[in-house]
Structure formats: structure tokens, C-alpha cells
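Here's the structure we're looking at; comments come further down.
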2 protein chains.
Amino acid sequence: MSEITEVENPYRQIERATVSDAIVDQLRGLVAQGVLKPGDRLPSERELCKRFGVGRTSVREALKPLITMGLLEGRMGSGTFVAAETGQFQKSLQWGLLSDLQSRDDLVETRHMLETNAAYWAAERAGEENLAVIRVTLNGMEENLGHPTIFQKFDADFHFEIARAAQNRMLYRLINVIRGQIQTWIGERLALTPDRSEILARTSLAQHRDIFAAIEAKDGPAARAAMDRHIQTATQDLAK
Amino acid sequence: MSEITEVENPYRQIERATVSDAIVDQLRGLVAQGVLKPGDRLPSERELCKRFGVGRTSVREALKPLITMGLLEGRMGSGTFVAAETGQFQKSLQWGLLSDLQSRDDLVETRHMLETNAAYWAAERAGEENLAVIRVTLNGMEENLGHPTIFQKFDADFHFEIARAAQNRMLYRLINVIRGQIQTWIGERLALTPDRSEILARTSLAQHRDIFAAIEAKDGPAARAAMDRHIQTATQDLAK
DNA sequence: TAGGCCAGCTGGTCAGACCAATTTTAGAAA
DNA sequence: TTTCTAAAATTGGTCTGACCAGCTGGCCTA
């Protein structure tokens, strides 16, 4: 039966049949290579038609998916632009992970996994510059214990910076998208119980300090444990 | 400064400015609700034009992103179909996670995180039917120690079934897409060192048995540890 | 009955026109 | 000269109608 191993499919995938897909690949490549940078304006559709030597339909059908995916951004009357880097993956990940989300538990659980691991790796790899930025977010939280909206902003930044310090782009993107979703819930929650917010903020700040201390000490397991406690607390507050 | 908290944006997001986006939402909803099931054929583009009361351009610009995203599948001359469920998220996740992947380490590391957690949760939640399916994949591996391609198939299924048993759809999808990528590397690897494959397979099988034993015993930490060892071994084999 | 051929579907592409938002420009007013 | 405004040019969004290229199914021959 070892013939089966020989059946290494000799049939190569049919190459790009459609014009628009070819354009998609080309544009995607230009953005990936950095020829087109975030904020850059693409040539107008009519111009692209001439350059690619195709009809406007094909150009537009290539741009459309890239826009939907969040890689580009179309502004009527003004042009098509390369989206900011953070937004480039956000949308496609939202599509894949959140579009038909049925269970909040899945999301909370996944978040727990992502953030505890991020804390662990951040402790292992954070450089001085990472620590400095995280410190800033801690100060920001401390100075805004009474201002839920601002506090929450620094809170979010704290977690983002830890994710960045973990030096894993994939992990960073995943945390980005999932936290974006959770953020909206937090917003609703805060609006409901504004009186308790300062108490929650104090607890939260203390836990953030624990996490940071562990990261600063380059103690991965401790950082993971501290983040674990924090997420559990936060989840419970959110659920109540 | 507490006014800032009052600045709860009173501006609602502008409703769908573009026609095609509205159609995208509608079609996405129909698929999500199950009105359109995988494999179903959509009405022809001309027909959709009449039903939505819009031009064909708009219909096509709505279908295009959904096709690129993997939710639909266009077959020239035959029609547009709803894609198989597993493929629906695969593509959009690939876009978001793998499209500009620069470092294999990121992927290997993320995989490690996902699979160890999947093993843990599988141990906590796997039902009898989950265990039965996993058992089948173990037998499949045992019977095909000398047939790398088939062995690898059962190997992959083993991990997929554990991911399924973890009962977290988000985790399942992530493992799906990342493993899909890694699978290609494994394929290249096997082609290079066919002689050692049976030795590797025996080691692999033993480790899989450990993992399964822990899951069967509903011992989460043990399952995580066993998966940890397995992934580390597999990663090293792959790296050499 | 078996095989092949053709008409009529389908999606893919093109061209040209018009709309609506935006930017640019040119002219009028200060 | 400067400033403000209104028209013109530019850009993405939509519509129409036409044609091409695959696919399907049924009819028709051998």
C-alpha cells in the first residue's frame, strides 16, 4: 500500500483564472513589501485600469475585498488609501472569529489563554523600552481612578503593551481583536454601575501592578499567575 | 473633568452608506442563520439583481468579498455556492494571521499555546463520543506506522478531534488554520527524510497515547503536560 | 443505447454613462 | 493682497447593456 505515499498529487493547483484575483495578489504584495505604506493613497481607479491594462470592473472587484478585509480604505470623492496597520488584520480576524459568535464563554476563555501567555512571554522578553511604555500606562491609570473612561483607556493600553512586549505578532493581533470585542462589553458595564467603578479601578490597578512587577522581574510563571488572577477578577466583575 | 465620561458618543455609526455593503450583511446573515446552508446554490446574479432591486455591479461587488473570505464559492458557468463550513473561516483567518507572516517562531509558539490549552479543556469536557472518535484516530495511526502520508492524516485528525472536544469553537478554528499551515511544512519534511519516518511515527504514537490517557482520565494538567511534551518533540523534529 | 454536439444557462470582463462626496481652483469680495 | 465662496474637476459608487468563457442538460445522430 506504500503506493499511496507516492500519490504526491502531481496536479498543480490551477493558476489564477480571474483577473481580479491577480490584481488582489499584486496589491497585497505591494502592501506587504512596504511599497505601499499605511496612509498612502493609491492611484485612482481609472489610473489603475490603465496601468494594469484591465477594465474598471476588474479593478473595483479587486479593491472591494481588500477594503472589506480592512487592508485598504475607500473614501468617496477622495481616493483609496492603505489602512492603518492595526486595522489591516482586525477586520479579517473579526470575520473569522467573531462574525457568528454564539458563546461569550468561548471568547472569555480564549482571552484568558491569550493574555496569560502574553504575560508569560512578556516577562521573558520585554526590553527596557517595553517596560517604560507599560509604566506610563500604569501611571495613567493611577491618575485617573475617578475617570472610568480614561482609566479604561489606559487599562486597555496596558494589556496591548504587554501583548507587544511578548514579541509575537500573531498573539498580538489575536489579543487586539478579542480585546476589541470585550471592550464594548466593558463599556456597557461601566455605564450601568458608575458608582462602583472607582472601587473596581483600585482593585484593578493593584493587580496590574502585580503583573508588571513580575514582568519587570523577568519571572514568567509569576507574571502568568498574576495575569490569571486579574483576568478572573475582571471576568467576574463583568459577569455580575 | 468628569464631563469626559459623559461624552458617550451620541453619534451613531452612519448606517450602511453603500449598497453592496448592505447586501453583504444580508447574505452573511442568511448564512449565519442557516437559511443558506453549506453547499446551497444562490440564485444567479441576474436573479439577485431583481430581488434586491439593484444593479448587477452592486451584487457582484457584494459577492466578491464573501468569496474571497471563503464564505461563498463561485463556480464559473455553474453558479455561486455556500462554502463548506470549515472553509468559511479558514480563509479570513489565513488573511489575518498568515498573510504577511514573517516568523515561523511566532506560529510554532502560538500553536504550542493553542494545543496545550485544547488538551487541557478536552480533558475537562470531552464526552464519550469525543473519546470514541479520538480512539479511532489512535488506531488509525497504529495501523499505519509504515505509511507516512496516512499516518500523518490520522495524526492531524487526532489533534483536530481534541480541539473539537475542547468545546470552544474559537479555539477550534484557530487550531484549524494554524495546523493547516504547519501541515504543509510537515509534508515537506517527510519528503526529505522518509527513512526516519517510522521511528518518528512510533515516538509520536506513544506520545499521543499519553495525551489520550490523560484526557480519558479527565486530568487536565496531565493532558496539558503530555501535549506540551509532544509538541516540543514534534517541533524539534521539524526544525532539524 | 452510447456518444457527441449544440443551445441556453452561469459567472467574468469590458465600456460608457451618471450620481454623490470631496478636493481644487478660480473668481469675487473685503 | 487676503479671504471667502462658488463652480469645476476629480474620485469612489452604481447602473446598464453587451460580450466572453465555462458548464449543464437535452436532443439528435450513429
Side-chain angles (χ1 to χ4, degrees), chain A residues 11-28 30-31 36 38-84 87 91, chain B residues 11-28 30-31 36 38-84 87 91:
Chain A
Y11 307 96
R12 298 310 310 149
Q13 183 78 323
I14 289 304
E15 71 240 41
R16 297 271 147 275
T18 76
V19 177
S20 56
D21 283 351
I23 299 179
V24 167
D25 285 352
Q26 203 170 136
L27 289 176
R28 206 155 66 133
L30 289 176
V31 174
L36 293 172
D40 282 1
R41 208 194 107 173
L42 273 70
S44 72
E45 295 182 354
R46 276 98 170 168
E47 177 66 25
L48 287 175
C49 294
K50 281 185 278 188
R51 297 210 199 170
F52 286 127
V54 300
R56 199 171 156 213
T57 310
S58 298
V59 169
R60 285 189 55 74
E61 291 195 355
L63 293 179
K64 193 74 193 179
L66 293 170
I67 290 173
T68 306
M69 212 76 85
L71 193 71
L72 302 179
E73 189 180 335
R75 298 180 208 153
M76 199 162 168
S78 150
T80 307
F81 299 79
V82 180
K91 278 198 185 179
Chain B
Y11 308 96
R12 298 310 308 149
Q13 182 78 326
I14 288 302
E15 69 240 39
R16 300 274 146 269
T18 76
V19 177
S20 57
D21 284 351
I23 299 178
V24 167
D25 284 352
Q26 204 171 136
L27 289 177
R28 206 155 65 134
L30 289 176
V31 173
L36 293 172
D40 282 1
R41 207 193 107 173
L42 273 69
S44 74
E45 295 181 354
R46 276 95 170 169
E47 177 65 24
L48 286 174
C49 294
K50 280 185 279 188
R51 297 210 198 170
F52 286 128
V54 300
R56 199 171 155 214
T57 309
S58 299
V59 169
R60 285 189 55 75
E61 291 196 355
L63 292 179
K64 193 73 193 179
L66 293 171
I67 290 173
T68 307
M69 211 76 84
L71 194 71
L72 302 180
E73 190 180 334
R75 298 180 208 154
M76 196 161 167
S78 148
T80 307
F81 300 79
V82 180
K91 278 198 184 178

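We name chains A, B, ... by the order of the sequence lines, and we start the count at 1 in each one. Note that this is a predicted model, so its numbers are computed, not measured.
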Separation of D:dT10 C1' from A:Leu42 CG (nearest whole Å): 16 Å

How many Å lie between CZ on B:Arg41 and C1' on D:dC23, as a whole number? 11 Å

Just how far, in rounded Å, is C1' of C:dC14 from CZ of A:Arg46? 15 Å

Across the strands shown, which category fits B:Gly74 at heavy-atom distances under 4.0 angstrom: base, sugar-phosphate, nothing? nothing

Quick one: which of C:dG11, C:dA15, D:dT11 gets closest to the side chain of A:Ser44? D:dT11

Are A:Phe81 and A:Leu42 close enough that some pair of their side-chain heavy atoms sits under 4.5 Å apart? no

Candidate list B:Leu71, B:Thr80, B:Leu66, B:Val82, test side-chain contact (heavy atoms from CB on, under 4.5 Å), partner B:Leu27, passing option: B:Leu66

Roughly, in whole Å, what's the span from CG in A:Leu63 to P in D:dG12? 8 Å

So, is A:Ser58 near the phosphate of C:dC14, with a side-chain N or O under 4.0 Å from OP1 or OP2? yes

Within the pair B:Ser78 and C:dT10, is there a side-chain N or O less than 4.0 Å away from OP1 or OP2? no

Side-chain heavy atoms of A:Glu45 within contact of A:Arg56, under 4.5 Å: yes

Measuring from the side chain of B:Arg56 (C-beta onward, heavy atoms only), which nucleotide among C:dT13, C:dT22, D:dT14 has the closest atom? C:dT13

Interatomic distance where CG belongs to A:Asp21 and C1' belongs to C:dG12 [whole Å]: 11 Å

Assuming nearest nucleotide by heavy-atom distance, tell me which of B:Pro43 and B:Thr57 is located more 5' along DNA chain C. B:Pro43

Nearest heavy-atom pair of B:Ser20 and B:Ser58: which atoms, and what distance? CB-O, 3.7 Å

When the distance from CE of A:Met76 to P of C:dC18 is rounded to whole Å, what number comes out? 17 Å

Answer yes or no: is there an ion pair linking B:Asp21 with A:Lys64, defined by an N-O contact shorter than 4.0 Å? yes

Length of the CZ-C1' vector between A:Phe81 and C:dA21, whole Å: 13 Å

For DNA chain D, whose closest nucleotide is more 5', that of A:Arg60 or that of A:Gly77? A:Gly77

Nearest to the side chain of B:Val54 - D:dT14, C:dC14, D:dC15? D:dC15

Whole angstrom is fine here: how far is it from CD1 in B:Ile67 over to P in C:dT10? 15 Å

